[in-house]
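To keep things clear, I will list the structure first and then write my remarks on it.
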Amino acid sequence: MRRKALISGLVFLSLVASTAAQQAPAAAAAKPDERPEVQKVLDRQLDTIERLFVGAAEAMPAEKFEFVPTGGEFKEVRTFAQQIKHLAAANLAIAAALKGEKSPYTIPEIVSGPPDVKTRDEVLKLVKDSYAAAHQAIATIDAGNVTESIPDPFGGKMSRLALANLLATHGMDHYGQMVVYLRMNGVVPPASRRN
């Protein structure tokens with residue numbers, strides 16, 4: 001009898017421990033996001049373009065990273081790698097402005113992309129680092145400073161909101177171009193693939 005009670009007690013404790021272990025991650029995940037609403041919205045926008053852009057960048061094979069269309073209205077356009085380098089340099093310059101820091105790139109380096117970044121791995125690292133910096137910069141924005149006008153990396157002034165929004169909208173422009181380049185090379189962009 002005692003043995004049955006002991007076994008029943010152990011089974012009960014095991015079930016309680018198992019249930020608690022399953023609920024612990026759910027409780028941690030359910031913790032409310034206490035960041036200001038403006039940060040959450042901007043970060044979600046940035047997450048969306050980051051996922052699309054980095055996925056497209058990673059999808060192009062290394063031997064096609066210097067691809068540039070030649071037919072039609074593609075005169076003097078950037079290579080696939082230059083599209084990525086340009087966006088990454090712009091992201092880093094904008095992030096620096098939002099954090100009150102000096103831009104790591106001059107305007108010509110932003111336009112053309114940093115010349116010292118050459119290999120596919122270097123380009124991918126640069127763009128991933130640029131999005132990490134962008135997320136850190138967005139974390140500096142709150143309801144009290146969102147409309148504050150600050151120096152932008154292009155020689156003018158913009159509100160923090162306008163600069164942060166540029167991190168998402170500018171990326172979409174270049175993502176669209178990258179999708180064309182990928183499809184011209186027989187690569188379906190990851191966001192368009194059916195699983």
Side-chain angles (χ1 to χ4, degrees), residues 42-43 45-141 145 148-185 187 189:
L42 292 168
D43 221 27
Q45 287 177 331
L46 190 61
D47 281 339
T48 299
I49 184 54
E50 178 181 13
R51 181 179 38 80
L52 293 170
F53 196 92
V54 172
E58 291 176 332
M60 185 67 92
E63 66 274 9
K64 297 287 187 174
F65 244 57
E66 292 306 316
F67 171 80
V68 64
T70 55
E73 292 297 322
F74 290 104
K75 194 174 185 180
E76 298 180 19
V77 296
R78 293 178 174 105
T79 67
F80 189 81
Q82 286 170 334
Q83 296 280 354
I84 301 165
K85 290 177 8 172
H86 161 69
L87 179 85
N91 282 354
L92 288 164
I94 293 166
L98 285 168
K99 294 189 279 185
E101 300 170 355
K102 183 179 182 293
S103 174
Y105 297 110
T106 63
I107 291 181
E109 291 171 322
I110 294 170
V111 171
S112 300
D116 59 332
V117 176
K118 297 182 186 203
T119 69
R120 180 180 186 270
D121 288 343
E122 290 171 340
V123 171
L124 292 175
K125 180 181 182 328
L126 179 69
V127 76
K128 289 174 183 178
D129 289 349
S130 82
Y131 277 112
H135 283 287
Q136 291 169 355
I138 283 176
T140 68
I141 299 171
N145 69 10
E148 176 187 5
S149 185
I150 61 172
D152 68 41
F154 317 109
K157 287 189 119 180
M158 287 183 165
S159 71
R160 289 179 177 278
L161 179 60
L163 276 171
N165 197 46
L166 192 54
L167 289 168
T169 58
H170 181 229
M172 285 296 190
D173 177 40
H174 292 285
Y175 171 71
Q177 295 172 53
M178 291 167 63
V179 166
V180 172
Y181 287 26
L182 286 168
R183 289 192 179 273
M184 290 178 81
N185 283 282
V187 178

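Numbering starts at 1 and runs along the sequence shown.
Annotation for His170 and Ala90: closest pair CE1-CB, 3.7 Å, computed over non-hydrogen atoms. Contact detail for Lys85 and Pro114: the closest heavy-atom pair is NZ-O, 3.2 Å. Residues Pro104 and Ala96 come closest through the heavy atom pair CD-CB, 4.0 Å. Here the shortest heavy-atom pairing between Pro153 and Ile107 reads O-CG1, 3.9 Å. Counting all heavy atoms, side chain and backbone alike, Val123 lies closest to Lys118 at CG2-O, 4.3 Å. Of all heavy-atom pairs spanning Ser149 and Lys157, the tightest one is OG-CB, 3.6 Å.
Classification of the Phe80-Tyr181 ring pair by plane angle, with boundaries at 30° and 60°, yields tilted.
A distance of 11.0 Å separates CG in Leu167 from CD1 in Ile49, rounded to the nearest 0.5 Å. A distance of 9.0 Å separates CG of Leu126 from CG of Asn91, quoted to the nearest 0.5 Å. In this structure, CZ in Phe53 is found 7.5 Å from NE2 in His174, a value given to the nearest 0.5 Å. Atom CG of Asp47 sits about 6.0 Å away from atom CD of Glu50, to the nearest 0.5 Å. Atom CG of residue Leu163 and atom CG of residue Leu42 lie 11.0 Å apart, to the nearest 0.5 angstrom. In this structure, the separation between CG on Leu52 and CE on Met178 is 10.0 Å, given to the nearest 0.5 Å.
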Between Val117 and Lys125, is the side-chain contact (heavy atoms from CB on, under 4.5 Å) condition met? List the steps. CA-CA 10 Å; Val117 176; Lys125 180 181 182 328; over 6 Å; no
Stepwise side-chain contact (heavy atoms from CB on, under 4.5 Å) check, Val111 with Arg78: CA-CA 10 Å; Val111 171; Arg78 293 178 174 105; 3.9 Å; yes
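Considering only heavy atoms from C-beta on, Ile150 comes within 4.5 Å of Leu98 through its side chain. In this structure the side chain of Glu122 never reaches within 4.5 angstrom of the side chain of Asp116, judged on heavy atoms. Side-chain contact between Ile94 and Phe154: present, with at least one pair of heavy atoms (C-beta onward) separated by less than 4.5 Å.
For Lys99, the NZ atom is densely surrounded, since the number of other residues' heavy atoms within 6.0 Å is greater than 12.
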Please list, one pair per line, the donor and acceptor atoms closer than 3.5 Å that link side chains of residues 57-75 to other protein atoms, with sequence neighbours excluded.
unit_1: Glu58; atom_1: OE2; unit_2: Lys128; atom_2: NZ; d: 2.7
unit_1: Lys64; atom_1: NZ; unit_2: Asn185; atom_2: OD1; d: 3.3

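The stretch residues 87-141 participates, sequence neighbours left out, in no ring-ring contact (aromatic ring centres under 6.0 Å, His included) pair at all.
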